[in-house]
Amino acid sequence: QVQLVESGGGLVQPGGSLRLSCAASGSILSIDTMGWYRQAPGKERELVARILIGGKTDYAESVKGRFTISGDNAQKTVDLQMNSLKPEDTAVYYCNLHRPKTIFFTRYEDYWGQGIQVTVSS
């Protein structure tokens with residue numbers, strides 16, 4: 001009952017910038033948190049950045065200082081500003097909404113966007 005709509009991917013040269021956006025709709029709860037993951041060919045999906053409870057952020061070491069995540073908890077949107085892009089950043093990026101286990105839920109649940117391609121190449 002949750003839908004995630006992503007936008008902003010594309011092709012960029014090394015050193016360039018892109019901004020990804022994601023909006024969640026449907027049965028959104030206040031306990032839900034959001035973030036961005038990515039998966040390169042032949043590799044496992046990995047966390048890029050996420051917004052934690054209380055507004056704290058968490059970044060992969062490989063993107064610290066280059067990427068910035070921001071979001072609106074009330075509207076359940078999340079953006080990822082990507083600067084100084086490297087070829088290693090090439091991947092399909094997925095918006096994620098995570099619903100943790102709480103007193104009202106017996107199991108956590110993850111919702112995913114369809115994925116958006118980011119290609120960094122000369």
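Worth knowing before you read on, the calculation uses all heavy atoms, side chains too, and leaves out hydrogens, waters and symmetry mates. Model, not experiment: these values are computed from the prediction.
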Worksheet item: What ring pair (Phe, Tyr, Trp, His ring centres under 6.0 Å) pairs are there with at least one residue in residues 6-35, not counting sequence neighbours?
Response: none
Worksheet item: How far apart are the C-alpha atoms of Q81 and S17, what are their side-chain angles, what is the distance that settles it, and do they pass the side chain to side chain contact (heavy atoms under 4.5 Å, CB included) test?
Response: CA-CA 8 Å; Q81 178 65 46; S17 298; 4.0 Å; yes
Worksheet item: Do I69 and W36 come close enough that some side-chain heavy atom pair is under 4.5 Å?
Response: yes
Practice prompt. Quick one: closest heavy-atom pair of A24 and L97, and the distance?
Written response: CB-CD1, 3.8 Å
Worksheet item: Side chains of L20 and V78: closer than 4.5 Å at any heavy-atom pair?
Response: no
Let me have the donor-acceptor pairs involving side chains of residues 37-46, under 3.5 Å, with sequence neighbours excluded, atom names and distances please.
from, atom 1, to, atom 2, distance (Å)
R38, NE, E46, OE2, 2.8
R38, NH1, D89, OD1, 3.0
R38, NH1, Y93, OH, 2.8
R38, NH2, E46, OE2, 3.4
R38, NH2, S62, OG, 3.4
Q39, NE2, K43, O, 3.1

Practice prompt. Give, for atom CZ of F67 and atom CE of M82, the distance between the pair rounded to the nearest 0.5 Å.
Written response: 5.5 Å
Worksheet item: Rounded to the nearest 0.5 Å, how far apart are CD of E6 and SG of C22?
Response: 5.5 Å
Worksheet item: Salt bridge or not for D79 and R19, using N-O below 4.0 Å?
Response: yes
Discussion item. Ignoring hydrogens, what is the shortest heavy-atom contact between R66 and S84? Give both atom names and the distance.
Written reply: NH1-O, 2.9 Å
Worksheet entry | Heavy-atom check, side chain of R99 versus side chain of D110, under 4.5 Å | no
Worksheet item: Do you reckon L18 sits in the same ILVMFWY cluster as Y94, going by side-chain contacts under 4.5 Å, direct or chained?
Response: no
Worksheet item: Do I31 and I53 share a hydrophobic cluster, counting only Ile, Leu, Val, Met, Phe, Trp and Tyr and linking them when any side-chain heavy atoms are less than 4.5 Å apart?
Response: no
Worksheet item: Strictly by modelled atom types, are Y111 and E109 linked by a side-chain donor-acceptor pair under 3.5 Å?
Response: yes
Discussion item. I'd like to know if L85 and V92 are part of one continuous hydrophobic network [Ile/Leu/Val/Met/Phe/Trp/Tyr, side-chain heavy atoms within less than 4.5 Å].
Written reply: no
Worksheet item: Without hydrogens or angle criteria, can the side chains of Q1 and S27 be said to hold a donor-acceptor pair below 3.5 Å?
Response: yes
Practice prompt. Using atom types as modelled and distance alone, determine if a side-chain donor or acceptor of K76 lies under 3.5 Å from a backbone N or O of D32.
Written response: yes
Discussion item. Before you tell me yes or no, could you show the steps for T57 and L52 under side chain to side chain contact (heavy atoms under 4.5 Å, CB included), namely the whole-Å CA-CA distance, both residues' side-chain angles and the distance that decides it to 0.1 Å?
Written reply: CA-CA 6 Å; T57 56; L52 305 175; over 6 Å; no
Worksheet entry | Those residues that, when tested against Y108, pass ring pair (Phe, Tyr, Trp, His ring centres under 6.0 Å) (two or more places apart) | H98
Discussion item. How long is the straight-line distance from CG of D58 back to OG1 of T33, given to the nearest 0.5 Å?
Written reply: 11.0 Å
Worksheet item: Taking only residues two or more places apart in sequence, or in another chain, which ones meet I103 in a side-chain contact (heavy atoms from CB on, under 4.5 Å)?
Response: none
Worksheet item: Mind checking who shares a hydrophobic cluster with L11, ILVMFWY linked at side-chain heavy-atom distances under 4.5 Å?
Response: none
Fill in: Beyond-backbone contact of L47 with R50, side-chain heavy atoms, under 4.5 angstrom
yes
Worksheet item: Is any side-chain heavy atom of L80 less than 4.5 Å from a side-chain heavy atom of T68?
Response: no
Could you list the donor-acceptor pairs under 3.5 angstrom formed by side chains in residues 112-122, with sequence neighbours left out?
from, atom 1, to, atom 2, distance (Å)
Q117, NE2, A91, O, 3.4
Q117, NE2, T119, OG1, 3.2

